[in-house]
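One structure below.
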Amino acid sequence: MRGRKIIVGVTGGIACYKAVSLVSALRQQDFKVQVVLTENAAKFVTPVTFRAVSRQPVCTAEFAAGGEPVPHIGLVEDAALFVIAPATANTIAKLANGLADNILTASFLAARCPKIIVPSMNTAMWENPLTQENLQKLQKHGVEIIEPAAGYLACGASGAGRYPDTKIILQKIQETLGFAAKLRGKKIIITGGGTREPLDPVRVLTNNSSGQMGLALQDAAEKAGADVVYIDAAALDVQGLKEKIAAAFADADALIMAAAVSDYRAVQVSRNKIKSAPKKLTIELAKTEDLLKYFAGQKKKQYLVGFALESEDLLKNAEQKLREKKLDLIAANDISALSSAEATVILLDKSGVAETLERLPKTQIAARIIERVAAAVQA
Ligand SMILES: Cc1cc2nc3c(=O)[nH]c(=O)nc-3n(C[C@H](O)[C@H](O)[C@H](O)COP(=O)(O)O)c2cc1C
């Protein structure tokens with residue numbers, strides 16, 4: 001999905017300001033977002049705001065689309081999707097009749113990509129048979145309509161016509177682009193990064209985990225529609241990590257422990273900074289709690305995924321860890337995976353079947369792990 005271009009058309013309704021959140025959320029999902037405003041939309045929210053959140057020049061008038069020779073055509077040529085949010089009754093009527101009298105309506109007519117519109121207006125305008133006929137006509141021609149919500153409206157009335165939650169629009173966009181929301185309604189806890197055990201007020205015992213795998217898993221799970229609780233271990237010691245997981249665990253459907261959890265902690269954390277004077281320093285370490293084992297003991301329905309990073313006997317050690325910790329799936333990494341964007345990973349489940357993912361970017365490995373989790377939690 002990264003880098004795909006989405007056109008966000010914004011028309012002159014009171015809900016215009018909500019389109020700012022939509023643009024921001026799409027940018028955060030790595031889409032390239034091209035905002036197109038009608039002249040009336042620009043009276044509600046200025047192009048400056050949309051330019052800042054989309055990090056792109058905004059098209060506001062037909063002849064000022066970033067130097068494009070034929071702007072309404074150039075705009076849509078490489079678009080993956082065109083969404084109009086909010087869509088006024090006025091623009092809906094124009095679109096339903098094939099009008100192309102401004103940069104937004106002209107580019108919508110010229111676009112061959114999937115199209116979604118998000119009507120938002122006063123209840124009487126929404127219920128007016130003319131608006132409904134216009135929407136049916138658009139639907140008949142393949143345009144997806146997101147039904148407005150009911151509730152308090154800016155005009156003071158209450159009824160249908162409210163701009164829907166941004167999440168609903170994002171979900172529709174993902175579905176339309178073909179991202180099956182396999183984990184919709186599922187809560188997935190993902191940990192990433194390396195824990196930090198304090199030695200004194202300034203020093204910590206940590207490891208070289210970059211946290212990339214955790215973030216790639218978070219991204220893949222969110223794309224699959226999951227409700228993700230991401231816990232960054234780099235800000236926590238083992239006990240702190242345990243508490244964070246425990247707070248989310250009871251109703252979670254899966255726990256994916258990509259965090260590199262310290263095996264040892266200082267027996268005594270020095271209250272003052274340890275002096276650097278002695279030539280040799282001995283710090284007594286004690287084994288930390290095995291969090292995967294602990295949560296395996298707490299498990300009801302949760303699918304547990306662990307990671308094994310080994311420098312030798314990768315498969316043998318992973319098998320042992322899977323069994324001992326009562327995991328459902330283990331991702332065994334070669335040590336070369338540490339701090340690298342790529343990895344070779346063997347996925348091993350309780351049935352004993354091993355799936356090897358040979359030198360792949362961590363994003364692809366994460367996507368495969370999420371597929372396996374989705375298949376298991378849906379079953
Ligand atoms: C304060 C205010 C709020 C408006 N809110 C809406 C609205 O939510 N939905 C709508 O369809 N029209 C709304 N309108 C009317 C549109 O702005 C008007 O129909 C305009 O021509 C739409 O232009 P456009 O579709 O080219 O952006 C509103 C007008 C004003 C002055």
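For ligands, and for the atoms within them, numbers begin at 1 and follow the listed sequence. These numbers were taken from a predicted model, which means no experiment stands behind them. Along the sequence shown, residues are numbered consecutively beginning with 1.
- Under 3.5 Å, the side chains of Thr131 and Glu127 contain no donor-acceptor pair of N or O atoms.
- In this structure, ligand 1 sits under 4.0 Å from heavy atoms belonging to Thr11, Gly12, Gly13, Ile14, Thr38, Asn40, Phe44, Thr88, Ala89, Asn90, Thr91, Ser120, Met121, Met125.
- Hydrophobic cluster of Ile231: the remaining members, joined at side-chain heavy-atom separations below 4.5 Å, are Ile189, Val229, Leu236, Val238, Leu241, Ile245, Phe249, Leu255, Met257, Val261, Leu291, Leu292, Tyr294, Phe295, Leu304, Leu314, Leu315, Leu322, Leu327, Ile330, Ile346, Leu348, listed by chain and number.
- Ion pairing between a basic and an acidic side chain is recognised when a charged N comes within 4.0 Å of a carboxylate O; Lys115 and Glu144 show no such pairing.
- Scored by the side chain to side chain donor-acceptor pair (under 3.5 Å) test, Lys321 finds no partners at all (sequence neighbours excluded).
- A cation-pi geometry, defined here as NZ or CZ lying under 6.0 Å from the six-membered ring centre and within 45° of its normal, does not hold between Lys5 and Phe31.
- Annotation: ring pair (Phe, Tyr, Trp, His ring centres under 6.0 Å) contacts involving residues 222-243, sequence neighbours excluded, are absent.
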